[in-house]
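Order of the sequence lines fixes the chain letters, A, B, ..., with proteins taken first and strands second; residue numbering starts at 1 for each chain. Predicted model only: the values in this text are computed from it and were never measured.
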Amino acid sequence: MTAFNLLSEPIRKYIRNKKWESLRPIQEASIQRIISTDNNYILISRTASGKTEAAFLPILSKVNFKVPGVKVLYISPLIALINDQFFRVESLCEYLDVPVIKWHGEASKAAKDRLLKSPEGIVLITPESIEAMFVNKPYNIRHLFSGLEYVVIDEIHSFLGSDRGTHLQSLLSRLQKINVKKFSIVGLSATVSDANQYTELKEFLGDSEHTKVIRDTTPKPINAVFKYFPGSVEELPLPLLKDLYIRTRESKVLIFPNARGRVEEVAVKLKQISEKIGGHKNYFSHHSSVDKEVREYVEFFAKNSALQNFCISCTSTLELGIDIGNVDEVVQIDATHSIASLIQRVGRSGRREGKASNLLLYATEPWSLLQSLACWMLYKEQYIEPVSINKKPYDIMVHQLLSTVKSSSVISLPELVEEITRNSAFSEISMEETEEIIHYLTAIDFFEKLGNELIIGIHGEEVVNTKEFYSLFDAPVFFKVSSSGVKIGELPLSPQIRENENIYLSAKIWSIKDIDYQTKKIEVIPAKDGKKPKFFGDAADTAHQIREKMLEILISKEQYDFLDDVAQQIIILLRSEFSSFIINDCKKKRPLLNHNEKITFYSFTSSKINRTIELILDSLNIENRLDPQKSAFEIEDCTLEELKTVLSRPDIGQNIDEVLTDLLESRPEIIDFSKWGKYLPVTYQIKLLKEKYFDLKGCYAYLKDLEITENNF
DNA sequence: GACCTGCTGCGGGTTG
């Protein structure tokens with residue numbers, strides 16, 4: 001064990017006391033590299049393979065904690081993950097006498113104050129808390145973090161390709177700027193399988209040249225079973241629930257039904273079945289609208305129930321690395337919208353060494369079965385959909401401009417431009433563009449010129465001085481639900497929320513007794529029967545590659561032995577519907593069904609490209625209706641020839657800027673997909689729409705190659 | 001019909 005000998009004595013003592021027989025492969029590799037170089041590293045290996053230790057064992061051996069100042073900063077996307085990792089990191093640090101401090105919105109203020117008095121050790125933090133410190137206590141940032149040696153970013157894939165990621169990238173760049181010597185970064189992830197993503201990840205860390213990837217590809221056996229039960233969106237079919245109950249009653253299970261309302265439906269109904277039969281009572285629901293303390297209890301129960309079985313119905317809240325102990329089986333109801341998500345969910349089961357993961361996939365609708373199958377095939381091919389990085393994040397720049405001015409006591413226009421354009425998050429935005437945006441922000445009183453200096457203007461103060469400023473995403477308004485002082489969760493106001501209406505929440509049934517519109521509170525009492533709650537929102541986007549795989553499955557003749565008989569029949573049926581099309585190239589050819597009055601065009605492409613095609617058709621006044629699940633357009637009053645002409649002209653969007661200008665005028669709320677985009681000049685809002693809401697580039701590339709294939713009757 | 005994530009400072013009250 002050569003890597004072992006490279007570790008410092010206290011760390012070796014830790015490993016001996018833990019009675020580890022050996023180091024994991026990812027740990028062996030990372031110890032040698034991290035200790036001997038100052039490169040950035042991205043550690044990729046599956047869930048529960050010891051990644052956290054792979055980063056911390058060598059870092060703790062290498063860093064000199066005797067020098068004052070915080071030496072290691074651990075950044076996590078979730079508070080829950082910080083609380084979880086705190087115990088792990090702290091137990092390691094006991095051997096070194098290095099303090100570990102949690103710094104997030106719910107962390108102890110006293111501990112934060114102690115850290116400010118004597119900055120040292122390791123800090124666990126969220127990106128938003130770093131932002132808040134930059135804005136409110138810029139001197140503390142320097143005081144605490146100017147001597148950082150290592151930054152560890154957990155679940156790094158969850159940041160990549162998102163606004164929150166660009167935000168973090170900017171914060172890292174700003175931290176690096178105030179640092180006396182350059183700190184190194186170690187990113188951790190289980191969800192990177194495509195080597196194309198390495199480039200994006202390296203750029204994300206701001207220094208591609210000195211960033212290396214260490215990856216453990218040891219495969220993990222997975223048993224997958226697909227089952228089909230016809231159902232409706234309104235309610236899950238009873239036979240499915242019964243089958244699900246029988247399959248899971250003697251296990252520790254996580255169920256992912258994709259939507260919060262359905263999560264509640266599954267939890268309540270399985271619990272009802274279990275009560276009737278006299279099975280265990282440990283049925284829970286876990287999603288963003290379940291009260292935080294209830295969620296923590298559920299996590300605690302799962303982690304500490306070695307002997308008892310349980311069943312947690314959940315959304316992506318249990319997708320990331322929160323430790324909930326051993327899970328025997330993962331159930332997915334209807335298709336995941338991404339392969340990345342499927343990987344994370346599969347990773348939650350069989351965490352014990354050498355134990356296989358079990359995956360049970362239910363479908364209630366033919367196209368959902370097809371999508372589920374497509375995701376599974378791509379997963380087996382070790383493929384993950386590419387992330388789309390916004391190279392010109394003007395909206396995040398607005399936010400970071402405000403933050404930078406607020407955190408500088410004195411800053412001139414050229415200094416601000418210089419600081420922003422040197423930030424790696426905005427490297428592709430030109431100096432002219434930056435200046436234009438600053439001038440605009442000055443014109444709308446977000447900034448004010450005082451001689452040569454820029455300060456926050458009157459309207460700027462209004463947005464900067466609220467707690468909503470620190471994040472890049474908007475939160476919807478919810479009503480807090482409680483029963484006799486016990487908090488249960490929260491619900492959005494909808495026609496469903498009326499007195500005496502009964503709803504599911506937190507795996508229980510409630511009757512609404514009082515709604516207080518002033519304080520936004522709902523009082524409930526326990527009830528016997530009810531309905532699933534309705535939440536509003538957009539479905540997550542589906543990638544082009546998944547849709548293409550769906551078409552590939554449709555035209556192939558391959559048999560899949562992991563499908564049950566009904567599911568096999570459904571695939572045969574879908575295939576027969578498409579048997580009249582001659583498709584020999586799934587990259588270019590797309591089927592078009594001509595039924596005299598109207599035509600159906602199966603685009604088999606991403607949600608964003610579909611949204612763009614919809615925009616083009618709308619702008620040409622061609623009546624169309626998009627079925628997002630089938631990725632199909634029903635088009636009326638348009639001949640096939642006309643449609644072909646429209647879609648075969650990649651120059652179709654020459655006047656797209658005018659179309660988007662009109663759109664912004666008639667539906668200004670369309671820009672709300674971006675929290676900060678609404679403060680940009682219209683020309684930049686258009687650029688943002690093209691890049692982030694629609695996918696103009698992708699759409700043109702798709703249409704350029706598109707060959708429409710009609711059915712032969 | 002449709003996921004998720006985070007959050008300051010200050011002043012006043014209560015509790016140990």
Side-chain angles (χ1 to χ4, degrees), chain A residues 75-83 102-107 109 112-113 125-138 140 154-155 157-168 171 231-236 256-265 285-290 292 295 313-322 332-338 340-342 344-345 364-365 367-368 371 399 403 406-407 461 463-476 478 490 492 494 496 531-542 607 627-629 675:
Chain A
I75 304 175
S76 149
L78 302 176
I79 288 178
L81 196 55
I82 288 182
N83 296 341
K102 290 187 270 188
W103 190 297
H104 56 65
E106 291 166 16
K109 179 114 185 357
K112 290 179 186 173
D113 288 342
I125 201 165
T126 58
E128 286 76 12
S129 281
I130 302 176
E131 176 64 55
M133 213 189 285
F134 263 117
V135 171
N136 296 310
K137 300 272 177 66
N140 280 348
D154 210 349
E155 305 280 6
H157 66 275
S158 75
F159 290 110
L160 203 62
S162 76
D163 287 353
R164 209 173 172 210
T166 310
H167 184 202
L168 176 57
L171 293 171
S232 69
V233 280
E234 269 312 301
E235 251 188 319
L236 280 168
F256 291 94
N258 288 348
R260 284 169 287 180
R262 258 205 173 164
V263 162
E264 293 296 345
E265 187 190 358
S285 74
H286 193 288
H287 54 79
S288 64
S289 297
V290 171
K292 205 170 181 94
R295 278 153 73 182
S313 178
C314 57
T315 59
S316 44
T317 47
L318 285 185
E319 218 174 75
L320 293 182
I322 306 165
Q332 174 67 44
I333 300 179
D334 284 325
T336 53
H337 30 249
S338 73
S341 194
L342 182 64
Q344 289 287 136
R345 292 174 185 189
T364 61
E365 209 276 329
W367 286 83
S368 169
Q371 185 173 323
H399 181 256
S403 169
K406 176 78 181 178
S407 69
E461 289 287 351
V463 292
V464 174
N465 293 326
T466 63
K467 61 179 179 7
E468 284 78 28
F469 180 74
Y470 313 110
S471 70
L472 268 291
F473 45 88
D474 266 319
F478 282 121
E490 51 183 34
S494 73
Q496 187 192 22
K531 287 198 188 87
K532 65 176 182 189
K534 286 194 170 77
F535 292 93
F536 309 99
D538 293 321
D541 289 340
T542 302
S607 315
D627 183 331
Q629 191 169 35
K675 182 167 168 183

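For A:Asp154, there are no salt bridge (Lys or Arg N to Asp or Glu O under 4.0 Å) partners, not counting sequence neighbours.
Among residue pairs with one or both ends in residues 532-541 of chain A, those qualifying as salt bridge (Lys or Arg N to Asp or Glu O under 4.0 Å) are A:Glu265-A:Lys532, A:Asp541-A:Arg611; sequence neighbours excluded.
What you find for A:Glu128 and A:Tyr470 is that their closest heavy atoms are CG-O, 3.4 Å. Here the closest heavy-atom approach between residue A:Ser341 and residue A:Glu319 is recorded as OG-OE2, 2.7 Å.
Within 4.0 Å (heavy atoms only), A:Asn258 reaches sugar-phosphate atoms of the nucleic acid but no base atom. Within 4.0 Å (heavy atoms only), A:Phe535 reaches sugar-phosphate atoms of the nucleic acid but no base atom. Within 4.0 Å of A:Ala132, counting heavy atoms only, lie sugar-phosphate atoms of the nucleic acid but no base atom. Among the protein residues, A:Ser162 comes within range of no part of the nucleic acid, since none of its heavy atoms lies under 4.0 Å from any strand. A:Glu234 comes within 4.0 angstrom of the backbone, heavy atoms only, and of no base. Residue contacts for A:Ile79: at a heavy-atom cut-off of 4.0 Å it reaches the sugar-phosphate backbone alone, with no base atom in range.
The span of DNA chain B lying next to chain A, judged by atoms under 4.0 Å from heavy atoms, is bounded 5' to 3' by B:dG1 to B:dG9.
In this structure, A:Phe536 and A:Thr126 both approach DNA chain B, and ranking their closest nucleotides by distance from the 5' end singles out A:Phe536. Both A:Arg262 and A:Pro77 lie close to DNA chain B; mapped to their nearest nucleotides by heavy-atom distance, the more 5′-ward contact belongs to A:Arg262.
Looking only at atom types and distance, the side chain of A:Thr317 has a donor-acceptor partner in the side chain of A:His286 under 3.5 Å away.
Ion pair A:Lys675/A:Asp163 not flagged as a salt bridge, since none of the NZ, NE, NH1 or NH2 atoms sits closer than 4.0 Å to an Asp/Glu carboxylate oxygen.
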